[in-house]
Chemist: 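Okay, here's the structure, questions in a sec.
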There are 2 protein chains.
Amino acid sequence: MTAPKPGGPVRGSTTGRPLMAALDLFGRRWSLRVLWELREGPLGFRALQQRCGNMSSSVLRQRLGELVESRIVAQLPDTTYELTGLGREAYEALRPLGRWSQRWAEELGTAAEPEA
Amino acid sequence: MTAPKPGGPVRGSTTGRPLMAALDLFGRRWSLRVLWELREGPLGFRALQQRCGNMSSSVLRQRLGELVESRIVAQLPDTTYELTGLGREAYEALRPLGRWSQRWAEELGTAAEPEA
DNA sequence: CTATCGTGCTTCTGAAATAGAAGCGCGAGG
DNA sequence: CCTCGCGCTTCTATTTCAGAAGCACGATAG
């Protein structure tokens, strides 16, 4: 599994700045979504897949591997996945984005739309 | 240009929830990075490309098109790109992620350089 | 015991996204 | 005129993702 690590070179940056690693990790498809869907508690593989709109199982496995390797997600003895402390903090760090998206929707709605 | 819109169906979700559109948009490679690199003021195409570790110009063009279409970025008369009000708010919403990445680096035990 | 079911996970193939180089048209400066 | 850097486009190779199929395992049922 090749998850980007803070301190090491990542896609688009060789400085090792943690943020760049985070942007690489979370810039991969479904990463943010998986983090989001685990917000309310542990989920099994297939349940998680369904919550993500039946995303590809191969990619889900890959993302989960990366997130586990990055200590953002952990797998419980019963094989379900849950956010670690670090993972919950990441989710918290993401919540402002949720609020922003609301404003985004409003602003795009009130803007001049060609068709209703 | 096919940028995801809040209110419409996006990859992995047909509910139209704004957050899902945001996760789709920002889950595309380099989206977050471009937003981040524009934080301190307008940049031209090539300058922006360089700041993103010489990312592919074709993809940069694509991402810029999507961000402009989403009213997160605007192109000035002198052709440089800058964040709109919405874009600056999105950047603000992203700052907690920067702080989180610091903690992430610490917890992983990897070398952590203080970010700008 | 066998048969069936749901689970986590793997593997495979085609489609889509991205990387990276090359180059075009343009305006500024020499 | 020429050259330069600019925004941007186009092309091809590579990487990543999508989606279907299926395997191994444990629980449950017959």
Side-chain angles (χ1 to χ4, degrees), chain A residues 1-4 9-14 20-38 41-70 73-83, chain B residues 1-4 9-14 20-38 41-70 73-83:
Chain A
M1 208 59 61
T2 49
V10 299
R11 194 156 27 207
S13 176
T14 55
M20 292 305 151
L23 293 184
D24 184 0
L25 178 62
F26 292 130
R28 299 180 182 193
R29 201 154 287 162
W30 299 111
S31 282
L32 289 172
R33 178 70 174 271
V34 167
L35 184 60
W36 182 263
E37 295 296 346
L38 285 175
L43 285 175
F45 187 92
R46 269 168 142 111
L48 187 50
Q49 184 183 13
Q50 283 188 334
R51 294 224 186 187
C52 292
N54 286 304
M55 67 172 285
S56 169
S57 60
S58 50
V59 178
L60 177 56
R61 188 69 203 81
Q62 209 171 333
R63 287 298 99 85
L64 281 171
E66 293 161 5
L67 291 172
V68 166
E69 186 183 348
S70 303
V73 165
Q75 190 168 24
L76 300 178
D78 67 354
T79 77
T80 62
Y81 293 91
E82 75 166 355
L83 294 181
Chain B
M1 208 61 58
T2 49
V10 298
R11 196 157 25 209
S13 177
T14 54
M20 292 305 151
L23 293 184
D24 183 1
L25 178 62
F26 293 129
R28 301 181 181 191
R29 201 155 285 162
W30 300 110
S31 282
L32 289 173
R33 178 69 174 271
V34 166
L35 184 59
W36 182 263
E37 295 297 346
L38 285 176
L43 285 175
F45 186 93
R46 268 169 144 111
L48 187 50
Q49 184 182 15
Q50 282 190 336
R51 294 224 186 187
C52 292
N54 285 305
M55 67 172 285
S56 169
S57 60
S58 49
V59 178
L60 176 56
R61 189 68 203 82
Q62 209 171 332
R63 285 300 99 85
L64 281 172
E66 293 161 5
L67 291 172
V68 166
E69 185 182 348
S70 304
V73 166
Q75 191 167 23
L76 302 177
D78 68 355
T79 77
T80 63
Y81 293 92
E82 75 167 355
L83 295 180

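Letters A, B, ... are given to chains in the order of the sequence lines, protein chains preceding strands, and every chain is numbered from 1. Being a predicted model, the structure only gives us computed values, none of them experimental.
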Chemist: For A/Q49, report the nucleic acid contact type (base, sugar-phosphate, nothing); a contact means any heavy atom under 4.0 Å.
Modeler: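 If one applies the 4.0 Å heavy-atom cut-off, A/Q49 turns out to touch nothing in the nucleic acid.
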Chemist: Would you check if the side chain of B/Q49 reaches a backbone N or O of B/N54 as a donor-acceptor pair within less than 3.5 Å?
Modeler: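 No, because the side chain of B/Q49 does not come within donor-acceptor range (under 3.5 Å) of the backbone of B/N54.
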Chemist: Side-chain N or O of B/R61 less than 4.0 angstrom from OP1 or OP2 on D/dG7?
Modeler: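 Checking D/dG7 against B/R61, no side-chain N or O comes under 4.0 Å of OP1 or OP2.
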Chemist: How many whole angstroms separate atom CG of B/L60 from atom P of D/dC6?
Modeler: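 That distance rounds to 14 Å.
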Chemist: Taking only side-chain nitrogens and oxygens of B/Y81, does any of them come within less than 4.0 Å of OP1 or OP2 of D/dC6?
Modeler: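 It does not, given that no N or O in the side chain of B/Y81 lies less than 4.0 Å from OP1 or OP2 of D/dC6.
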Chemist: Scan nucleotides 17-19 of chain C against the protein and return all N/O pairs shorter than 3.5 Å with their distances rounded to 0.1 Å.
Modeler:
residue : atom : partner : partner atom : Å
C/dT18  : OP1  : B/R29   : N            : 3.3
C/dT18  : OP1  : B/R63   : NH1          : 3.2
C/dT18  : OP2  : B/R63   : NH1          : 3.3
C/dT18  : OP2  : B/R63   : NH2          : 2.8
C/dA19  : OP1  : B/W30   : NE1          : 3.1
C/dA19  : OP2  : B/W30   : NE1          : 3.0

Chemist: Could you state the atom-to-atom distance from CZ of A/F45 to C1' of D/dG22 in whole Å?
Modeler: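 So the two atoms are 14 Å apart, to the nearest Å.
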Chemist: Quick one: A/D78 CG to D/dG26 P, roughly how many Å, whole number?
Modeler: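 Checked: the CG to P distance equals 15 Å.
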Chemist: Report, as yes or no, whether the 6.0 Å neighbourhood of atom CZ on A/R51 holds more than 12 heavy atoms from other residues, nucleotides or ligands.
Modeler: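 No, the 6.0 Å shell around CZ holds no more than 12 heavy atoms from other groups.
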Chemist: So which heavy atom on A/S31 is nearest to which on A/R63, and how close?
Modeler: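 That closest heavy-atom pairing would be OG-CD, 3.3 Å.
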Chemist: Write down the distance between CD (A/Q75) and P (C/dT7), rounded to a whole number of angstrom.
Modeler: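 In whole Å, C/dT7 P lies 15 Å from A/Q75 CD.
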Chemist: If you assign each of B/N54 and A/L64 to its closest nucleotide in DNA chain C, which residue comes earlier from the 5' end?
Modeler: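 Result: A/L64.
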Chemist: Determine yes or no for a side-chain-to-main-chain donor-acceptor pair under 3.5 angstrom, with B/R33 supplying the side chain and A/G12 the backbone.
Modeler: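 Between the backbone of A/G12 and the side chain of B/R33 there is a qualifying donor-acceptor contact (under 3.5 Å).
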Chemist: Where the side chain of B/S57 is concerned, which of C/dG8, D/dG7, C/dA22 is the nearest nucleotide?
Modeler: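 Out of C/dG8, D/dG7, C/dA22, the nucleotide with an atom closest to B/S57's side chain is C/dA22.
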Chemist: As a test of reading the structure: which of D/dA21, C/dG8, D/dC6 is closest to the side chain of B/R46, going by heavy atoms?
Modeler: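 Closest nucleotide among those given: D/dC6.
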Chemist: Provide the closest heavy-atom pair for A/E82 versus A/L76 in the form atom of the first, atom of the second, distance.
Modeler: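 Closest approach of A/E82 to A/L76: OE2-CD2, 3.4 Å.
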Chemist: Do any N or O atoms from the side chain of B/S70 and from the backbone of B/E66 form a donor-acceptor pair under 3.5 angstrom?
Modeler: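 At least one qualifying donor-acceptor pair exists.
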